Each structure stands twice: as structure tokens, then as C-alpha cells.
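Have a look at the structure below, then the notes.
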Number of protein chains: 2
Amino acid sequence: MSTTIAVLRGFNRTYTQRIGVLDESFLGTGRALAVSRLLFEIGSRHHTTVRDLREQLGLDSGHVARMLRSLEGEGLVETAPDPDDGRRRLVRLTQDGRKAWRELDERSEALAAQLVDPLTTRQQERLAEALATADLLVRAATVQLREVAPGDPVAREATARYFDELDERFPAGFDPGGPEEPQPGTTSVVATSDGRPVAHGGLRPLPDLDHVTAEVKRMWVDPGWRGAGLGARMLRHLEALARDRGFTRVVLDTNDSLLEAIALYERAGYRRIGRYNDNPYARAWFEKGLGQIQTEG
Amino acid sequence: MSTTIAVLRGFNRTYTQRIGVLDESFLGTGRALAVSRLLFEIGSRHHTTVRDLREQLGLDSGHVARMLRSLEGEGLVETAPDPDDGRRRLVRLTQDGRKAWRELDERSEALAAQLVDPLTTRQQERLAEALATADLLVRAATVQLREVAPGDPVAREATARYFDELDERFPAGFDPGGPEEPQPGTTSVVATSDGRPVAHGGLRPLPDLDHVTAEVKRMWVDPGWRGAGLGARMLRHLEALARDRGFTRVVLDTNDSLLEAIALYERAGYRRIGRYNDNPYARAWFEKGLGQIQTEG
DNA sequence: GAGGTTATCTGACTAAAGTCAGACGTTGTG
DNA sequence: CACAACGTCTGACTTTAGTCAGATAACCTC
């Protein structure tokens, strides 16, 4: 849709002219803009390292170090070596820093309030709805899918959240059965945003079988990120991966209480088949041939 | 709605991290970011003056002058005195400048395309719709209403567009009857965006009457700006103005083919009354008492 | 046509942002 | 335990951005 691009660019213009000034809440505090931004970022996280900040804000390491010295000089932040890794330094706000952060937060809040003030309640609701939709879609569009080692901490976090959700949703609960033991040949694909997993999918050769069938495991999308096609994207990604590895067929199992998942599989061209494993939690089984070529960026 | 503010601020965060990079299309051209922005702005307008650019981009006059010298040095822009006012200088792109502008435009387009690429067509449509809504509401929220002298060029442009629209919409056309002659006591309120009128409303004492009734005239909202409450805002503004001047009642006339206008007046608390003037184009007459206090920012 | 205003420009700055090389200690690997 | 890789820091820059005080010419008003 080329019109989407035009609308996006048009909005970009409106945004920089009218909402971009929200950043001005960081001005006039006697600190440089970049320093204020850094302060705000530190306060917006529980605890963070210099590296995280550098990455998040896309700044040079020397630049960040200098700004941190400046904030330390003001008595707003303090740093300490990370006990887990002595190379890293943890950064956090002091009491005064928290106060300065709150001031920034309030300024920003006030500016935002002023911006929407001329609108009626009804219009504000429409605006909030539109922005929430745009927010979700833009975040989903810019998320990167990447393969990680089976024992990767991000993958662990994702599967832990997946199991928690199953436990909540299954009428009789869910027990993964013993601690995680990465199975050989398994691949984990995660989508991360700001370092935290927002979607996960696993792929492994279906054991004791024909070498042409792969199984999709542990498909999960963070509840806050649903409705933006992340599940479908993950599925396409896994299928492409399976195809690259010479598989010609994908199967998966699921539970009938996971309605969205079933709808997703059906939309993606999966067909119901009979039970192919002895997974006690499975109630539905699907397959899809990997004949035709599909694309996934 | 405090949630609107939260959503707006959340979106702001997503935006600066993910869409803000659209500006990076201005980087890596061997020119400073601000210079590229200026070049892009010049090329986005038909012809423009130094003053317009300064105002649009919110820059210091010395800064702009220097950047223009730099662009002239590259052979990308040329300036000439404005024949209408020798103090001003017109700025426009040269052949080479147009080429450089096109390059920037293409980079920006490509970045935007890349951003939305992971989304399905359906999701892109949802995104475009959400952004278009947000765009309209944000623009409407940040537009300023201001009183102008009756002969002001902006007011003239607005009424000219209003008359054109009436001429188009009335089955038998519309003839304003002779050239504009500003009537004594008339006030014009305009909403402008980037210097062009997007809404207009007039107010005058109702002639030969009681000195307590004001008449709203020439209510008009640019078609591209409808649906964001600008009409209602204008009406509230005019009512506040009338109240300030001691009027206790407002009347207005309209034509029954202007359905949105009639709906607007009814929503705003206007009641139909009998004909109070001999306007040949009027088919409906309304009044509203200015008893209770309402607010308009 | 005198006097104030407006638009643009130059010179002379300061502050902020960003870059790069290298030092130093910590950690993971073979 | 040697060695490469990593995370952070300092020093020594360069580039950009932005500011302010005039100078100059054109315009507007009375």
C-alpha cells in the first residue's frame, strides 16, 4: 500500500511540528537536552547498565560516560559495579535524582495534557484509540525476529511466560514437568523489544519419524502485542526456517482452549489431522505442507 | 481523559525510537542535518521567503542566513529579492537543488516503505487509518483561533473558499453580490495552519435590532479538516466573544443543503426559529441564548 | 522626507553533540 | 593461564547548532 507510506510521511511531518515539542519539557532545566534525556531514561527503568543506556539511546560510549559523570556531579545518579559482571556498571538515581526525574515527568505530562486539551472527550477517546493502534502496529512492524541458542536467557524468559499463561488458561492448570532441558536440534526464535521477549516460537525435527517433518513448539505472543500479526509473522518465519533445512511438512499440536492460536493456524493454511504424539495437554493437531514459496522479512 | 495523555506519551516514546529515524534519511549526504532539513523544506514549497523558512523551522535568522549561503555555495538554491517587497528574499531550488531534493525524498520514502514492509496489507491499512485519524486530531488540536481585521488577506481567502463551496453546493449556485465590502462591527476569527486558513467564523451585531443579539456569519471549515471538532470549537469561540461584548443571544441563518452545518448547530444547542432576515439563500434560522458560561481555550 | 519598523545579513561568539584512539580492568575460551 | 573480547572510562579533538549584537537596505506612516 503506497498510501500507507504517504500517510506515514504526512504524519511524520505533523508529529515533528506539533508533538515533537513534548521533548521541550526536557529543556530549561539547566541541563543539556541529551543529559536530561539520559536522566529520564535512567529513571524510567528499574536498574540499568551503562551499556543498556548507550544502546537504547544510540549514543557513543564516551559521550554517555561523560554525561553520567555530569549527572553524578549534580548528585542525581550513582553507579556501582554489576555484581554479575564486573565489567559492567549499574546506574541508578539517587533520592535527588528521583526528584529531578519526577519534575521532568510532570513537565512532559503537563505538555501532553495541554496538547489534547482543546479536544472534546469524545475526540480524545478517538485520538487515544488511533494512537494505541498505531503504537501497536509500529512496534510490531519494527520488532526483529532472531534465532537464539536454546538456553538463551531471553528464550527462557519467553517460555517461562508461555508456561505461566498455559497454567492460567488450562482448566486443570499446566505442569511443564521438570526443569528445562534443551532438546537437541531445537531452534528458538524470539522477537524482542527493548531486550525483553514479546514473541517466541520453537522448531524441532519431529522425533522418530521421516526426516521430512518439523514440529512447531511453544508459539507464544505477549498479550500486549497481540493483534498486530506477530504470531503470523513468527509462523511464517519458522516455516521458512524449516524449508531451508530441507523439511517439506510442518506439524504442531495445541489445546482447544487456545482459540486465537487455532484461528491463527487455520488462517495460515494449517489443516487438522489426527493425534500424532502423546502430549497430554494437546487436544488438536495440525499440519501444513511446505510446497509453495512464501516470503518473510 | 487522563488515559489519552498516557497513550500519547507512550506513543511519543515509540515514535522517537522507531519512526524518528525517518529523519535519518537526511543524514549521510555530506550535509548537516539542519541544512538538509532546510533544503527539503525549500523544495516542499512552491516559492518561499527566508522569513517563511525561519518561521516554519523555528530557527534563528542568522542561522538560516548562514545555511542558505552554504546551500548557495553548493549551487543548490538561489535567492532573489521579492518583487512585492524588496526587503524579503525569495528562495528556490536550482536544477541541481531539485535533484538533491528528490534524493532526500526518495530516501525518506524508502525508509518509510521499509518500516511498514513487515506488515500485511490489512495491517498497513489499519495503520494508515489510525495515523490519518491521529494526524487530523492532532492538527486540529494544535490549531490556533485568532481574531483578524475584517480585510485581512487570510480572512479574505477563507471567505472566498467559503463562497466557492456554496456556489458548488447550492443547486442554483451562489452569488455573493458584488465585491467584498467589510461591514462595520464585523469580527473575523480564523484558524490557520502553516499560514493558510482552515476555518473561519464571523460575528456582527444584528443590524436594526435590540443590541443584545449578535449574528454568526460565514462559518466555514476546510473540507480536509472536518470531523475534528473545529466547527464546534469555532462556534464556542464566537459565542464567548459575543458574551464578552455584552450580547445575550446569538442567531444565524443557513441553507438546508448544508446538512453538517445544521447538525453542528443543533448539537451546539441552537434552536430553530422563524426567518429574521431577507437573505435569499437562507432556508433555516437558529438562535441560542448565552445564559450559562461555557469555556473555550 | 523623517523616523520607526521590518527583513536579511555578517561577525564573533558559546554550548552542545558527537568522534576516535587508547588505557585499564574483567570475563570467557581453549 | 595466556589471549581475545568486552565494558567503561579519559583525553583530545571536530562538527553542529544556536545566540546576540549590530549593519544595511527597503518599506510604511504621518
Side-chain angles (χ1 to χ4, degrees), chain A residues 16 20-21 23-24 26-39 41-42 47-74 77-92 149 151-153 195, chain B residues 16 20-21 23-24 26-39 41-42 47-74 77-92 149 151-153 195:
Chain A
T16 45
V21 296
D23 272 8
E24 285 178 15
F26 288 156
L27 296 174
T29 54
R31 271 182 292 276
L33 182 62
V35 178
S36 282
R37 251 202 271 270
L38 180 63
L39 175 66
E41 187 64 34
I42 295 166
H47 47 263
T48 184
T49 63
V50 177
R51 182 169 207 300
D52 288 343
L53 294 170
R54 203 167 59 220
E55 203 141 277
Q56 183 68 40
L57 299 172
L59 297 169
D60 175 81
S61 92
H63 195 188
V64 171
R66 230 174 298 276
M67 291 195 287
L68 282 174
R69 271 345 109 235
S70 142
L71 286 171
E72 273 182 341
E74 282 191 81
V77 312
E78 53 195 9
T79 61
D82 185 341
D84 294 344
D85 182 340
R87 290 169 301 185
R88 285 201 280 256
R89 310 217 91 209
L90 292 175
V91 183
R92 61 174 185 188
D152 187 281
Chain B
T16 45
V21 296
D23 272 8
E24 287 180 14
F26 288 156
L27 295 174
T29 53
R31 272 182 292 274
L33 182 62
V35 178
S36 282
R37 252 201 270 271
L38 180 63
L39 175 65
E41 187 65 34
I42 295 167
H47 48 264
T48 184
T49 63
V50 176
R51 180 166 210 300
D52 289 344
L53 294 169
R54 202 166 61 220
E55 203 140 281
Q56 183 68 38
L57 299 172
L59 297 170
D60 175 83
S61 93
H63 195 187
V64 171
R66 230 174 299 277
M67 291 196 287
L68 283 174
R69 272 342 112 238
S70 141
L71 285 171
E72 274 182 339
E74 282 191 81
V77 312
E78 52 195 11
T79 61
D82 185 341
D84 293 346
D85 182 341
R87 291 169 301 184
R88 284 201 281 258
R89 309 217 92 209
L90 293 175
V91 182
R92 63 174 183 185
D152 186 282

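Below, chain A is the first sequence line, B the second, and so on; all start at residue 1. If you're wondering where the values come from, they're calculated on a predicted model, not measured in any experiment.
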Listing time: all N or O pairs from protein to nucleotides 12-16 of chain C that are below 3.5 Å?
{"unit_1": "dA12(C)", "atom_1": "N6", "unit_2": "Arg66(B)", "atom_2": "NH2", "d": "3.3"}

statement: chain B reaches DNA chain D, atoms under 4.0 Å from its heavy atoms, from dT16(D) to dC27(D)
Euclidean distance, Glu41(B) CD relative to Arg54(B) CZ, rounded to 0.5 Å: 14.0 Å
- request: Take the C1' atoms of the five end pairs on each side of the helix from dG1(C)-dC30(D) to dG30(C)-dC1(D), derive the two axes, and give their angle rounded to 10 degrees.
  value: 30°
task: Report yes if some heavy atom in the side chain of Arg89(A) is under 4.5 Å from a heavy atom in the side chain of Thr49(A); otherwise report no.
output: no
field: From CG (Leu59(A)) to CG (Leu57(A)), nearest 0.5 Å
entry: 5.0 Å
- request: Decide yes or no for Arg31(B) and Leu39(B): does some side-chain heavy atom of the first lie under 4.5 Å from some side-chain heavy atom of the second?
  value: yes
- request: Could you tell me the separation between the CD1 atom of Ile42(A) and the CE atom of Met67(A), rounded to the nearest 0.5 Å?
  value: 9.0 Å
- line: Expected list for residues 50-64 of chain B near DNA chain C, using heavy atoms below 4.0 Å, is Val50(B), Arg51(B), Arg54(B), Ser61(B), Gly62(B)
field: From OG (Ser61(A)) to CZ (Arg66(A)), nearest 0.5 Å
entry: 9.0 Å
message: Going by the rule side chain to side chain contact (heavy atoms under 4.5 Å, CB included), which residues pair with Arg37(A) if we only count those two or more places apart in sequence or in a different chain?
response: Asp23(A), Phe26(A), Leu33(A)
task: Find out whether Pro83(A) and Leu90(A) are in side-chain contact, i.e. whether some heavy atom of one side chain is under 4.5 Å from a heavy atom of the other.
output: yes
query: Between CG of Leu68(A) and CG of Leu53(A), what distance do you get to the nearest 0.5 Å?
result: 6.5 Å
Near-strand residues of residues 77-91 of chain B, defined as heavy-atom separation under 4.0 angstrom from DNA chain C: Arg87(B), Arg88(B), Arg89(B)
Inter-residue atom distance Asp52(B).CG - His47(B).NE2, 0.5 Å rounding: 9.0 Å
message: If you count heavy atoms of other groups shown closer than 6.0 angstrom to CZ of Arg92(A), is the number above 12?
response: no
